[in-house]
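Given the structure is predicted, the values throughout are model-derived calculations rather than measurements.
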Amino acid sequence: MDEFCGWCGKSTGEGEHGACASRLGLVDPPRFCSACARRMVVQVTPAGWSARCSRHGESTSEQATD
Amino acid sequence: MTAAPQTAAADTDPRDVLSIAREQVLERGEGLSEEQVLRVLQLPEDRLEELLALAHEVRMRWCGPEVEVEGIVSLKTGGCPEDCHFCSQSGQFPSPVRSAWLDIPGLVRAAKQTAATGATEFCIVAAVRGPDKRLLSQVRSGIEAIRAEPETSDINIACSLGMLTQDQVDELADMGVHRYNHNLETAKSHFPEVVTTHSWEERWDTLRMVRDAGMEVCCGGIIGMGETLAQRAEFAVQLAALEPDEVPLNFLIPNPGTPYENYPVVEGVEALRTVAAFRLALPRTILRFAGGRELTFGDLGAKQGMLGGINAIIVGNYLTNLGRPAVQDLEMLDELSMPIKALNQTL
Ligand code: SF4
Ligand SMILES: [Zn+2]
Ligand SMILES: [Zn+2]
């Protein structure tokens with residue numbers, strides 16, 4: 001279970017993240033690291049995205065859909 | 001004007017804007033006036049189907065059945081000094097979007113992803129007020145690298161790099177950029193509410209230079225930024241006056257951290273009415289579905305838009321937002337029996 005919401009960066013244990021999840025599924029790549037909530041450097045390309053946390057490294061759309 | 005008899009059928013009523021549009025736009029290819037576009041935007045929902053059907057007829061008559069498919073990529077993301085209130089890439093708002101540069105191999109990969117969809121257009125975009133030397137040299141190297149790959153050697157390359165000087169316009173034309181995108185974004189009367197760091201007129205000047213240099217002009221905007229219906233009509237005819245080769249229509253994605261983060265998403269019916277109205281104002285232009293359609297319409301509305309005046313789409317992802325997978329749009333076009341415009345048709 002992710003500790004932090006990739007869309008709003010807040011703790012997944014607190015508050016409601018349904019709207020965040022639907023944005024993530026539809027129009028947004030994750031912007032916050034799920035492990036530490038740092039803002040990530042995100043590159044969107046026509047067929048995917050990659051996101052890099054300075055502490056936790058890179059994640060990509062391919063991993064996310066695995 | 002005297003009132004027509006109550007018994008007159010809608011299609012013979014001289015006051016009915018769709019009857020006027022049928023004669024003026026469909027038959028003669030002459031776009032609607034501002035006042036007429038406003039009347040279209042005010043049509044009740046029970047006329048929507050009729051409106052979309054007419055816009056589709058206009059598109060088929062003046063543009064044909066082909067659909068122009070394009071992919072776009074952000075070469076330089078975020079950190080823009082301008083304050084366009086809708087934009088997640090402005091450095092002036094607490095947006096979660098961080099600055100990023102795409103390297104040349106990444107740019108070539110993006111061009112290949114685009115070409116693989118059958119797209120004829122690949123647009124390189126940067127979040128800047130205008131390009132500096134470093135950005136232009138990156139664009140030049142990028143274009144050379146794309147041209148050197150067999151899969152992408154003949155794809156049309158467009159750019160969107162903000163406001164340009166005459167020298168920069170000439171440089172881009174020299175690189176073989178065939179179309180330049182620069183959106184006026186909204187009606188001239190609404191623009192100062194949306195952007196305070198530059199003017200509508202400055203944007204217009206860039207567009208004029210682009211046209212004069214022989215590049216194709218791509219200029220559109222975003223619907224749903226607090227403009228009135230009258231301002232939407234104003235915007236449509238202001239675009240028509242520019243005679244752009246392409247008009248990309250976006251629907252606002254309320255992005256977190258921006259001044260518009262809590263704006264409502266444009267409703268599907270309203271968006272479709274807007275699409276059709278813009279087609280009736282711009283019968284010959286390439287009218288492209290761009291960002292925001294996923295939130296506004298879902299899957300169903302995309303098809304209705306394609307049957308309501310749209311004849312071009314951006315496939316795949318956008319700059320900072322995701323689109324639906326390209327294959328879904330390609331399947332939709334197949335289902336609608338709308339052929340993808342081929343490269344030789346654009347030459
Ligand atoms: S100039 Fe472009 S990138 Fe910069 S804030 Fe405006 S829309 Fe965003
Ligand atoms: Zn959240
Ligand atoms: Zn992290």
Atom CZ in A/Arg31, atom CG in B/Asn255: separation rounded to 0.5 Å?
8.5 Å
Select one option (side chain, backbone, both, neither) describing which atoms of B/Leu102 are under 4.5 Å from chain A's heavy atoms.
both
Which residues in residues 47-54 of chain A have a heavy atom less than 4.5 Å from any heavy atom of chain B?
A/Ala47, A/Gly48, A/Trp49
Could you check B/Ile314, B/Asn317, B/Val73, B/Ile72 and say which one makes a side chain to side chain contact (heavy atoms under 4.5 Å, CB included) with A/Pro46?
B/Val73
Could you tell me the separation between the CG atom of A/Leu24 and the CG atom of B/Leu322, rounded to the nearest 0.5 Å?
8.5 Å
May I ask you to check whether over 12 heavy atoms, not counting those of B/Glu151, lie within 6.0 Å of atom CD?
yes
Does any part of the side chain of A/Trp7, heavy atoms only, come nearer than 4.5 Å to the side chain of B/Pro256, both counted from C-beta?
yes
Could you tell me if the side chain of A/Leu26 sits less than 4.5 Å from the side chain of B/Arg324, heavy atoms only?
no
So what's closer than 4.5 Å to chain A heavy atoms on B/Ser88: side chain, backbone, both or neither?
neither
Expected contact set for residues 37-45 of chain A against chain B at heavy-atom separation under 4.5 Å reads A/Arg39, A/Met40, A/Val41, A/Val42, A/Gln43, A/Val44, A/Thr45
For B/Arg293 and A/Val27: C-alpha separation, side-chain torsions, deciding distance, then whether side chain to side chain contact (heavy atoms under 4.5 Å, CB included) applies.
CA-CA 10 Å; B/Arg293 65 185 159 110; A/Val27 291; over 6 Å; no
If you count heavy-atom pairs under 4.5 Å between each of B/Val315, B/Val97, B/Thr114, B/Ile253 and chain A, which one has the most?
B/Val97
Where on B/Ala110 is there a heavy atom nearer than 4.5 Å to chain A: the side chain, the backbone, both, or neither?
both
